[in-house]
There are 2 protein chains.
Amino acid sequence: MAVAPRKPKGSDKGSGTAHVITADLVAVLVAVTDGEPKIMTIAKADALPSGPFEFKHRSLQTGLRAWVEAQTGHPLGYVEQLYTFADRGRTGDAKSPHTISISYLGLTREDQVGAGFEAHWSGWYDYFPWEDHRAGAPALIAKWLTPRLRAWAKSAPLAGLQRERWQRAAITFGLDEREWNEELVLQRYELLYEAALIPEAARDGGAAATLVPGRAMTGDHRRILATGIARLRAKIKYRPVVFELMPTEFTLLQLQRSVEALAGRLVHKQNFRRLMEQQQLVEETGAIAADTVGRPAKLFRFRHAVLAERAIAGTKLPLSRT
Amino acid sequence: MAVAPRKPKGSDKGSGTAHVITADLVAVLVAVTDGEPKIMTIAKADALPSGPFEFKHRSLQTGLRAWVEAQTGHPLGYVEQLYTFADRGRTGDAKSPHTISISYLGLTREDQVGAGFEAHWSGWYDYFPWEDHRAGAPALIAKWLTPRLRAWAKSAPLAGLQRERWQRAAITFGLDEREWNEELVLQRYELLYEAALIPEAARDGGAAATLVPGRAMTGDHRRILATGIARLRAKIKYRPVVFELMPTEFTLLQLQRSVEALAGRLVHKQNFRRLMEQQQLVEETGAIAADTVGRPAKLFRFRHAVLAERAIAGTKLPLSRT
DNA sequence: TGGCTTATACTTAGCCTGAGCATAATCGAA
DNA sequence: TTCGATTATGCTCAGGCTAAGTATAAGCCA
């Protein structure tokens, strides 16, 4: 069965029809204000900005920018592609069976949403209350999630599967003395979906979901949001992207608070400053922050030069230099 | 201008038509044999396995698996999504202006390609000869690329732009005393495209490209391959994915050679072993490799348990444990 | 002035990493 | 049989980075 290079020439079992589909562009647009991570939402905070990829759009990003600006009045700055989703049965209403969602992560500063737009900045922990560990592990994990996850694990038919399920839960949620890993946002969401502990699972025809703290969204938007948060939490560790979320001038504490807001956990203050300085990511502006509580802090700005100077790449292999 | 949550209800400037498109699924299927990285190709090594996403496919991955098996007879093992491309003018022939390509990276072991399939395993450095630095920087970089990149930089209209271009070239290709960064595969490819040094640029209507060492591919397949190589080079550093490419039992040197093949650079032998052992990624099988040249080596196997034990995530921030 | 808050400097121990030295096995040719 | 080539494997050492903690400075306000 020799097959033509790219397109099946009407041959093959694939029907000769064009197999056309529609593509939705979805944006996870993030900002941090006063140490709280926010995402841009529409439809009464039930959905992410999104719209179909249309003929007039020159590229996917162009289309995305157009939709976000049309729906929120907010221009899009830094943008990167997240993931392309297409599973049927994960979109809530039985829409066109072949719509794929191409999602993007965008970073900006929070601006007031212009009048006439149905858009809001919503705190991202409203949708993922179990993800905020800045004040320690949230109580709802021990009180609410753990027993239900244990029940879910126990409900598996085989002992092996039971153990497997519990291990997965323990790893993703940091149970049984394990460490919390803030990057596993998507895995946690997917686990809750599988365990039918969130409304999306019930909606998609699974068992009835117990009502869980944390707001749901239209379609698979909360899954996309989880993907975005996970990506951002991973990325702040090896790329200077936080600065996209900061005003031009900021104190080191403000910067730290932003990182903590995204990571969902606290950072060692002194070491954080040392890191910023020795990596030369920031430089003093010479000015001093006013209206502060304690000792006034120096103001810093991002050293854009680093982007040109370095082509940073983490190495975890003993690569030889010779 | 209030906008409806997800779909513009026929309102808005977007036309009321359905904006249907077609989606191609493209696979970068990698194997390593005898220390050489290979990719599965079809069409006389000119294209990657690919085919349209069809109604009958339950998900994108399902569709991809179906196409790869149909075209190459090779089953797909480990798979992860790479990127979704849609730029017009980058696909060679002016195909349907709205085809998007959803690309995946797959890892397997090289099997003989079944008879009757137009599929081959091709060395990936045939397509990217400048990427193999295992025997030092390839001569073609100094002799061939550097002068042309310098010329390209010089050809910019403004002095500032000239400097910018050269800096980009120097960073991506490790010129001017800079270190070679093996992860910048895509950036290098895109730079060569922009500088019109590869056939794809000429084909897409740019200036006539000087013939460059390195084989081109159909459409934007070489770009997709570059994306795959880059992803894999990054990933082997923080996830134990190399093992997907290894036979069940292997010596540490074989493992090292595979890593080097992918990374395109050499690794410090003793440190590599130390890393493998202290991370407990492998365990001895008890057997000893036969038919070797020097002192016989112990055989190892991958410790699958690590996948369950750890939820590894690199940390480059001073996250507090308290 | 003392207490509160935040900023900033410095120290220390442990771990990881790059790099190199030394020794062990095995084979084949001199 | 010995030497040389080749690969395997063990070990050391210095430098750098990291987590964590101590100490001090500089404001505000009661």
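These figures come from a predicted structure and were not determined experimentally.
- Computed from coordinates, the B:L266 CG to C:dG20 C1' distance equals 16 Å when rounded to whole Å.
- Across the protein-nucleic acid pair, A:H268 atom NE2 and C:dT8 atom C1' stand 12 Å apart, rounded to whole Å.
- Qualifying salt bridge (charged side-chain N to carboxylate O under 4.0 Å, His left out) partners for A:R223, counting only residues two or more places apart in sequence or in other chains: A:D87, A:E190, A:D220.
- Atom CG of A:L275 is separated from atom P of D:dA20 by 14 Å (rounded to the nearest Å).
- As rounded to whole Å, 7 Å separates atom P of D:dT9 from atom CG of B:L252.
- Applying the salt bridge (charged side-chain N to carboxylate O under 4.0 Å, His left out) rule to B:E284 yields the partners B:K298; only residues at least two apart in sequence or on another chain are considered.
- A straight line from CD of B:Q279 to C1' of C:dT17 spans 12 Å, rounded to a whole angstrom.
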B/S/- along nucleotides 9-14 of chain C (protein heavy atoms under 4.0 Å) is BBB---
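- Remark: of the listed residues A:E182, A:E183, A:E131, A:E131 is the sole one forming a side chain to side chain donor-acceptor pair (under 3.5 Å) with A:R233.
- Rounded to whole Å, the distance from CD on A:Q278 to P on D:dA19 is 11 Å.
- D:dC11 atom P lies 20 Å from atom CZ of B:F272, rounded to whole Å.
- Every side-chain contact (heavy atoms from CB on, under 4.5 Å) that B:Q167 has, sequence neighbours left out, goes to A:A308, B:I171, B:R178.
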With the criterion being N/O to N/O and under 3.5 Å, what pairs connect the protein with nucleotides 25-27 of chain D, and how long is each?
from: D:dA25; atom 1: N3; to: A:R295; atom 2: NH1; distance (Å): 3.0
from: D:dA26; atom 1: O4'; to: A:R295; atom 2: NE; distance (Å): 3.3

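- A:R134 meets the salt bridge (charged side-chain N to carboxylate O under 4.0 Å, His left out) test with A:E36, A:D132; sequence neighbours excluded.
- In terms of phosphate contacts, B:K269 brings a side-chain nitrogen or oxygen within less than 4.0 Å of OP1 or OP2 of D:dA8.
- Looking at residues two or more places apart in sequence or on another chain, you find a ring pair (Phe, Tyr, Trp, His ring centres under 6.0 Å) between B:Y83 and B:F85.
- Residues meeting the side-chain contact (heavy atoms from CB on, under 4.5 Å) test with B:S258, sequence neighbours left out: B:V32, B:V242, B:M246.
- Among the atoms of the strands shown, only primed sugar atoms or phosphate atoms (P, OP1, OP2) are found under 4.0 Å from some heavy atom of A:L253.
- Atom CD of B:E284 is separated from atom P of D:dA8 by 14 Å (rounded to the nearest Å).
- Environment of CZ in A:R163: sparse, with no more than 12 heavy atoms of neighbouring residues, nucleotides or ligands closer than 6.0 Å.
- Partners of B:E260 by salt bridge (charged side-chain N to carboxylate O under 4.0 Å, His left out), not counting sequence neighbours, listed by chain and number: B:R257.
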